[in-house]
Each structure stands twice: as C-alpha cells, then as structure tokens.
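Beneath this line is the structure, given in structure tokens, with notes to follow.
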Amino acid sequence: MTQDLLPKTYGPAEIESKWYDFWNSNGHFVADENKTNRQYSIVIPPPNVTGSLHMGHALNNTLQDILIRYHRMSGYNTLWMPGMDHAGIATQNVVERQLAEEGLTRQDLGRQQFVDRVWEWKEHSGGVIINQLKRLGCSCDWDRERFTMDKGLSNAVREVFVRLYDEGLIYKGDYIVNWCPRCHTALSDLEVEHHETEGALWHIRYAIENSDEYLVIATTRPETMLGDTAVAVNPADSRYAKHVGKYAILPLVGRKLRIIADPIVAMDFGTGALKVTPSHDFTDFELSIRHDLERVTIMDSDARINERGIHFYGMDRYECRDRVVSELKEKGFLEKITPYKVSLGKCYRCKDVVEPLISKQWFVRVAPLAEAALEAVKDGRTRIIPGHWTKTYYEWMNNIRDWCISRQIWWGHRIPAWKCEECQRLVVAVETPVQCPHCGGNKLDQETDVLDTWFSSALWPFSTMGWPNQTPLLKTFYPTSCLVTGFDILFFWVARMMMMGLKFMGDVPFKDVYIHALVRDEHGKKMSKSLGNVIDPLMIMDKYGTDAFRFTLAALAAQGRDIRLSENRIEGYRNFMNKLWNAARFTLPYCENVDSGMNLKDFSDFTLPERWILSRLNRTIDAVHNAIEAYSFNDAAQTLYEFSWHEFCDWGIEISKISLGDSNPEVSGRSTAVLAHTLDSLLRLLHPFIPFITEEIASKLKSGARPIIRGPYPVTDNSWIDEKTEHDMQFLMGVITAIRNLRAEMNVAPGKTLPVILACASPDQTDLIRMNLPMVLNLARISNLDMSDLTPDFSPPQDSVTAIVSGARVCISLHGTVDPDAEIARLQKEINKLTIELESVEKKLGNQSFLSKAKPEAIEKQQGRQAELSLKLEGLGEALEKMRAMKKT
RNA sequence: GGGCGGGUAGCUCAGCGGGAGAGCAUCGGCCUUACAAGCCGAGGGUCACAGGUUCAAAUCCUGUUCCGCCUACCA
C-alpha cells in the first residue's frame, strides 16, 4: 500500500517546481500594503543584473527566506521586496567586452547607442539570477520587483541628489581621487582593494641648492618624482632643521623644491625626508593644500607620462619607473635600493593598479549624515547582530571621509546637473531644464558623469517603496524589520542606507541588521574562479535538491564564523530529507482518515511514550522559536534535526508500530492522532528551512490547514511539557539501550529474541516496565522477561551478562556462549571508567567550599550523579564477583 | 600600525562557567517490510601554549604563538 503512495527515495526535481509555481501563482508571496498591523518586511540586497547565483547569494537569500516564511506562517503581513542593481562598472564591462569581440569600442557607438545596447543586454541576458532565486525557493513578492534604473528609482535618485546639493551636502571640485586607468573612472575609497606586494624603497639624493650637501629621500614610486614640487621633513627632526626653508634641486628635472616642515612626516620611516608629489599621492595632496604648493600632474588618464614628464613623455608608468631609476643610477643620484613590502591599491572590478590622480569630481559631505547614522545604532533604534560588528561600524563612521560619487562611465544615473553655455553657471534639478534659470539661455549641457552605483543602492529601502511619494507601501513597511547581508558590504551599503534613510525618511531603514558570514570552501579558502574551488549552488541543487542545500546552509550559519562548505555535509542533510520522506511514507497510510490538525485534547489516557513525544515536541517548538528570533539559524536547524531523527523517528515511530495495529480502535486511533499531529507540527516547524518537501508531504496529510506556507506556525503548548514523563521515559529507553548494548557486545544477532532477567530497584520502576511491557519487549527483542524486585539476595543467573540502569539489574542469560575472561574485562573497564567519574564527584561533594558557595542546583546535581554512579558501580561489582566465581568453578 | 574572528575527535564544525558533543570518516553486527541515502552498537579528544580569577574553567581575564579577515596618509 505504501509503495503506491510514495516512492522509496525522495526525488526533489518535480516537486520543487510544482510547489513553487503553486505558491507563486496563488499569490502566497504577495504582501498587503493596506494591512498595517503585524507587518514584517525585508528588502533584498539587490544582486547585480550581471550576476548569477553564487554561494554568498544562496546563503544570504536562504536566511532571508527562512525569516520571511517563519513570520508569514506566524501570521505576519510580510513583504520581501526583490530587485536588482544596475551595477555600473560591472555591467558596462560586460557589454564592452561583447563589443570588443565585434571589434568595437563604446566610443565607436557613442553614448546614447551604447546605453541602448546595455539596456538591450539587460532585457535579454540580464537577471538570470532572478530565476535562480526562484529555484532556491525565495518567496519574494515578485509583483513588486524593482531595478535601480527604473523610472521610479531614478526619480528618487535625482530627488535625493538635488536636495543634498541644495543643502550644500553635495559639492563638486578638483580633488585627488583613486583613478582606474583601465576603467577610466574615479573610484571611491571602498572600491579600492589593497594587496601587499613585494616592492622596493629607492633612496635618491636631492642636492641642496647652493651647497655641497644633499638630502636622501626614500620612495616606493621613483617615477612620480617628475611631479615633485617640494621636500618635507618633520619640524621636530633635528637632522634636517637647518635645511627647512631652503631649496632642493629635483634630479633629472632640475626644478627648485622648497623644503618644508610638517608633522605628518614620520621621522623614523625611510630617511625621514619625504618627496612631495601633490598630483600623485593622497598625503602629498593634503600637504599641497596646507603649504600652498604647486601641483604638477605628469600622468594622463591612461597612466602614461604626459608632456610635463620631460623626455619620459609617452611612456607607461612602469616603463617610466625603470627608465627613471636607471638614469638616476647613471647620474649618481641613486644611493641604494632596499626591498620593501608595499600595499598596492587595485580596482575592485578589473584589478588594475589604481593611480591617485587629480580630477574634477562630485562628493557627498558625509560627516553630518554619519552623525545621525552613528546615533541610531548607539541608541538601539537599529541593532547590529552579531553585536561585535557595531564596533567596526562605529570605527568607520567616526573616521569617514567624503564620498566621491561621480564615475566617468556611461551606464548609470547621469548626474542631474547642467552647465549653461551662455553664463557657464550650473543648474541642478530633478526635471531636465529647458532654459537656464540664471540667464534664460536654452543651451544646457548635462554633466557627463554618472553616479556611483552605491548612491542608488543607498536609497533602496525607500526608493523601492515609491519614495518621494508617500505611498501606502512606505507607510506599512518602512522601516523594514531586518536587513540580511554579508559584512563585506557593511560600509558600501549598510552604512550609506542608514545615512540616507535617516536623512530622507526621518527614520532608520531597518530595525535589525543581521550580518552573516562568508561561504568558503571546505578548507577555509575563499571561493574564487582562479583557485578553481568554486562550488556552484545550481549544481548542488541539481544533485542533492534545494531543501537539502538550504538546510545545510542554515545548519552551518553559526554567528560570527565563516562557513566552510563541504559536499559531505550536504549529502548528510540530503539523507535527512530522505529520512523525513520515509517517516512520512510510514505514517501517511495510517492517517488517511485522521485530521492532523485535530485537537489532541479530545483524547485521554495517553500512554507514556505518547506523552513523551508530545513533551519533546513542545520543547522543540519552544527552542526553534527562540533560535529563529535570535538569528541562531544553526541552533534551530540542529534542534529540528535532532528531534526529527533521534526522537520522532528512532523512538516515536518505532514505538507507535506496536499500538498502531492494536485491535482496540481507541488505542490505535489515539496513537495515529499523536503520530499525525507530531508529523504535521514537525513539517510546519521545518517549512521555513525546507519548504518543498514539507509542503509536499503536508499536502498528503488529510485536512489541517493547507497549504502550510500560510501557516500556522506551531506555538508552544506548555501543558504538554512534563518533566516526570521525560524522566520515566528515559528509564525505559535506558533499559532498552542497555539490552541492545549487551547483545551487540555479545555478538547476538539483532534478529534473535532473548530471555531477559530484570530486577527493578523500586516499585516505580517495576510499574513503569509493567505498564509499557510491549514496548520494552519489542524494541529490545525480548522473548521472555523474568521480572523480580531487587532484594539483597538477588543473584543473576549463572552464565549471564549484566548492565545497570538507575540501579535496576538487567541480565541476559547466554547459555554457555559467554567468555568469562572477556566479560570480566568488559566489566572491569566499565568499573574503572565509572570509578574515576565517581571520585571526581565525591571530591567535589567533600569540598566544604563547594558546598557553601555553589548554587544549590549544582550541588543537587552532583548528589544525583553520586547516587546514580554508586548504584551502577555496586551492581557492576556484584556482576564482576559473580563472573569471577563462575570462572573458578 | 590599529581592530576583529578563530585554533575542540582523522575531516568539517557546535558548545562559551558546573558530567567533552554532532555530521562525515573508521570498526563490529544487521536487507528487524518507512528509510542500506537505512538500523543496532563501538572506538577515538591533557578543548593551541603559559599564567591568573573562581568552590568549579574548553567556557572569564592576561600574555605567547599560529591562521584568517577588515582597516590605515610611514612616502
């Protein structure tokens, strides 16, 4: 019968797509923007349009889906806002590469055509990740899917830009920025990756004007000397005090360089004298402002030497370095070269070495915005979890520098600023102006730069909800409940959303920020294409099923630790899915006429194992709630795994096999009801983690509320939780395990039934065994149970092996198959182990300080242990004596 | 330079003040009709090292060491 109902092993493929389509097409993911009480919302960290699902996405979105499904089932009006990011540089690079294959550059197409082409690419090939998220089971409200370049979001970007500009929080100016010579654009500080590289310190002699003396300067970038306009020393440096105010002569070039004093110069680094190249170094740029120095730019936007670079003109920066060094050497200016590790800045997109260059850029003055964002976390309006990230957040917010927001690329939000050809004044406006408000001229040229992609991402929590309009969506779902993200974009994104949300919505964008770990390979290495250790989530889902994959991610998502993903682990959880599947295969046929959602209180006279499983179930429900609320996804997963497998399957189902077939309909009916109820609750508890298999199994259970994606999520019923029940059950389980144990050690075939002699240490124990006799006989495979009370003259039969459970003697007579020596050794080993344990307990209890200072519970616990251990040792001692005596005879 | 996280069973990791745990791997026995992707058992760890606090430390504090990450204007 069961075989007709369900196949023997769980096959995820069809089931997954069936249920996803069902949920989606029946509107189960849709949020109600008009229901304002009990709402729960999350905005997705928008993946790049160019992206495809990697492990980071998989983890990130699985966790969000767990939170969303949990709250949806718990009766919350939930919104999971999905969407994608236009990813300026990344997307432009993709399309440019395509063009390159056709032998074209973006310049060949021209701006408008190029942008059209990117849009075209986006429509056809972009956003594959959306379908991959669906494959993962993400229950986003897809009707509301957004894109950062949508009309509405673009409008929000312009609105924010104009307001910030009007308030003086956005400004334009000539500053030194990180410049990528390959991407041809400025980068923010965050977009530069630092890599430690083997470099050198070149020590160069700069002659002092009108003297025989010279200064030695150490530099890691000798080629930039062509742009030197000063030499700096520390004002407290006695070695150089006499030179301050004089001039040095720049080797090769011959320019006169003022020798200045500034505290920024470190006396103990290099020679303590610094060459100042304002156009090609951040520190030197600052020095040029403080000391009013000339700025000589010697490189162009390709990082090639320009006409200011004398006869090095036209050379690439590295070629120039070689030539400068050899010329210095030839002419005797080079004192020495020492090896030195330098931290090289590279473009986060193309990995080309970034060049500090002066250019006209737009900046956000962030200090005033950062202050509010800092406060909001300090006063707890936004919680960062795990807490240790708050410190990192504070650190960054306190040392924040202005944010360069202009990019010299074409794909992105074009800066809403125009220059009037007539009066040369700047017009910044939301709507494209037709005439200049200053002079009425109608020739206006728009700024060619576009905005940093993170500028629009910063508005995501409210721009997606229709801002600047005051929409019902905003009213209902802002601030969002939680943001789930990796720490790698804490500054890029989270901090900036905080600033923008507080500024424009007057409230934090999210109440909680849950920061999860990075997914690494099983040896802790970052997954990367070049290392070849990338595990493709899609491959994993094909191979093991989405549920197994999701459960693995949740089970490994311990706070504050990176996740090392191994296929072994996934396989283990795949087996767990199969276990559940088979538990259902067993249970379902009995439940054909049973309402799994029924009220169990309609039944009475529950057996001990029934009360036990219900007690354990409710403890599990409680633990799962607590774990999810605390973002301890791994705890929730472990608890569910443990209960499902080792309590429900190993004991609950096994025991029910006895009563399910009982001829008394009251007995079998109650047993079925408990089984159905437990399975039903378990499926619901598990649903946020493994939505597909749970919905599939639940759909086969009769009635109850369906589909389970809609809940309800089980709530703890404390009336089922019972200490005594669990304690009693533990005794019975102990007896059964002890017998199994003895059989295994004596090499008795599991199929073979055996006679057992049991001497209980108390009337309670006797009653327990008597009342649950079928269970004990069955699970321990006992042919005949000889019960007696444990009296002083109790003596186990000749030729038997013994175990002790809570004082009770469990003996198996083996009729000549016992090897006395082996049994003596086994008992001795056990006794030794327990004796050591007992000694440590007794040492504690004999310690006056322990008795007077420890918590009473701790003392009681030790006393309990002492009693248990002594009983066990006593029994084992007797058994040992007996065995020795037998050996002699 | 500053900061953060981590070193627990062969591997991957939980635990973070009161009896050292899980999964996988290993060993032994089982096709006990839900499940061999399974069942029943077993073995395996001075919890990186050294001090300290405590009646009690894998767990708290200090130092050392090794690994990983973030950050920074020593050119």
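What's counted below: heavy atoms across the whole structure, side chains too, no hydrogens, waters or symmetry copies. Order of the sequence lines fixes the chain letters, A, B, ..., with proteins taken first and strands second; residue numbering starts at 1 for each chain. Keep in mind that what you see is a predicted model, and the values were worked out from it rather than measured.
The CD atom of A/E837 sits 6 Å away from the C1' atom of B/rG19 (whole-angstrom rounding). Between A/L834 atom CG and B/rG19 atom P there is a gap of 16 Å when expressed in whole angstrom units. Rounding to whole angstrom units, NE2 of residue A/H388 and C1' of B/rC16 are separated by 15 Å. Atom NE2 of A/H195 and atom C1' of B/rU71 are 14 Å apart (whole Å). For the pair A/L588 CG and B/rU33 P, the computed distance is 20 Å after rounding to whole Å. B/rG19 atom C1' lies 14 Å from atom CD of A/Q730, rounded to whole Å. Atoms NE2 (A/H194) and P (B/rG68) sit 19 Å apart, rounded to a whole Å. Taking atom CG of residue A/D635 and atom C1' of nucleotide B/rC16, one finds them 12 Å apart after rounding to whole Å.
Cation-pi geometry between A/K657 and A/F586 is satisfied (NZ or CZ under 6.0 Å from the ring centre, within 45° of the ring normal).
Side-chain contact between A/L686 and A/L580: present, with at least one pair of heavy atoms (C-beta onward) separated by less than 4.5 Å. Using a 4.5 Å cut-off on side-chain heavy atoms (C-beta onward), A/E191 and A/N178 make no contact.
Of the nucleotides present, B/rA22 is the one that pairs with B/rU12 by Watson-Crick or G-U wobble criteria, both distances under 3.5 Å. Searching all strands for a Watson-Crick or G-U wobble partner of B/rG38 with both distances below 3.5 Å returns B/rC30. Shown here, B/rA58 forms no base pair; nothing in the strands shown gives a Watson-Crick or G-U wobble contact with both key distances under 3.5 Å. For B/rG44, there is no paired nucleotide, since no Watson-Crick or G-U wobble pair has both relevant distances below 3.5 Å. Using N1 to N3 plus N6-O4 or O6-N4 for Watson-Crick, or N1-O2 and O6-N3 for G-U wobble, each under 3.5 Å, B/rC4 pairs with B/rG68.
Within 4.0 Å (heavy atoms only), A/I653 reaches at least one base atom of the nucleic acid. Residue A/V342 is out of contact with every strand shown, counting any heavy-atom pair closer than 4.0 Å. No contact: A/R221 has no heavy atom under 4.0 Å from any strand. Residue-level contact check: A/T392 touches neither bases nor backbone, having no heavy atom under 4.0 Å from any strand. Note on A/S852: nothing from the nucleic acid sits closer than 4.0 angstrom, heavy atoms only. Contacts of A/A555 with the nucleic acid, taken as non-hydrogen atoms under 4.0 Å apart, are absent.
Judged purely by atom type and a 3.5 angstrom limit, A/D237 has no side-chain atom pairing as donor or acceptor with the backbone of A/V233. With hydrogens and angles ignored, the 3.5 Å screen pairs a side-chain donor or acceptor of A/R239 with a backbone N or O of A/M267.
The CG atom of A/D680 sits 9.5 Å away from the OG1 atom of A/T678 when rounded to the nearest 0.5 Å.
Considering only the side chain of A/K391, B/rC4 comes nearest among B/rC4, B/rG41, B/rC55. Nearest to the side chain of A/D268, among B/rC74, B/rC73, B/rC4, sits B/rC74. The side chain of A/E654 lies closest to B/rA34 when the candidates are B/rA34, B/rC55, B/rC74. For A/K844, taking side-chain heavy atoms from C-beta onward, the closest of the listed nucleotides B/rC13, B/rG19, B/rU71 is B/rG19. When each of B/rA34, B/rG19, B/rA75 is scored by its nearest atom to the side-chain atoms of A/K861, the top-ranked nucleotide is B/rG19. Ranking B/rA36, B/rC4, B/rC55 by closeness to the A/K8 side chain, first place goes to B/rA36. Nearest nucleotide to the side chain of A/F586, out of B/rG19, B/rU32, B/rA34: B/rA34.
Checking A/T587 against A/Q862, the closest nucleotide of RNA chain B that is more toward the 5' end is the one next to A/Q862.
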Under the ring-ring contact (aromatic ring centres under 6.0 Å, His included) criterion, do A/W645 and A/Y641 qualify, and how do the steps go? CA-CA 6 Å; A/W645 200 315; A/Y641 180 94; 5.6 Å; yes
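Classification of the A/Y573-A/F576 ring pair by plane angle, with boundaries at 30° and 60°, yields perpendicular. Between A/W581 and A/Y10, the angle of the ring planes lies from 30° to 60°, which puts this pair in the tilted group.
Counting distance only, with no hydrogens placed and no angle test, the side-chain atoms of A/E395 and the base atoms of B/rA72 include no donor-acceptor pair under 3.5 Å. On a pure distance criterion of 3.5 Å, a polar donor-acceptor pair joins the side chain of A/K657 and the base of B/rA34.
One finds no side-chain N or O of A/Y340 lying less than 4.0 angstrom from the OP1 or OP2 phosphate oxygen of B/rC74.
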Could you write out each protein N or O paired with an N or O of nucleotides 37-40 of chain B at a distance under 3.5 Å?
| unit_1 | atom_1 | unit_2 | atom_2 | d |
| --- | --- | --- | --- | --- |
| B/rA37 | O4' | A/N575 | OD1 | 3.0 |
| B/rA37 | O2' | A/N578 | OD1 | 3.2 |
| B/rA37 | N3 | A/R574 | NE | 2.9 |
| B/rG38 | OP1 | A/N575 | ND2 | 3.0 |
| B/rG38 | O3' | A/K579 | NZ | 3.2 |
| B/rC39 | OP1 | A/K579 | NZ | 2.8 |
| B/rC39 | OP1 | A/W645 | NE1 | 2.6 |

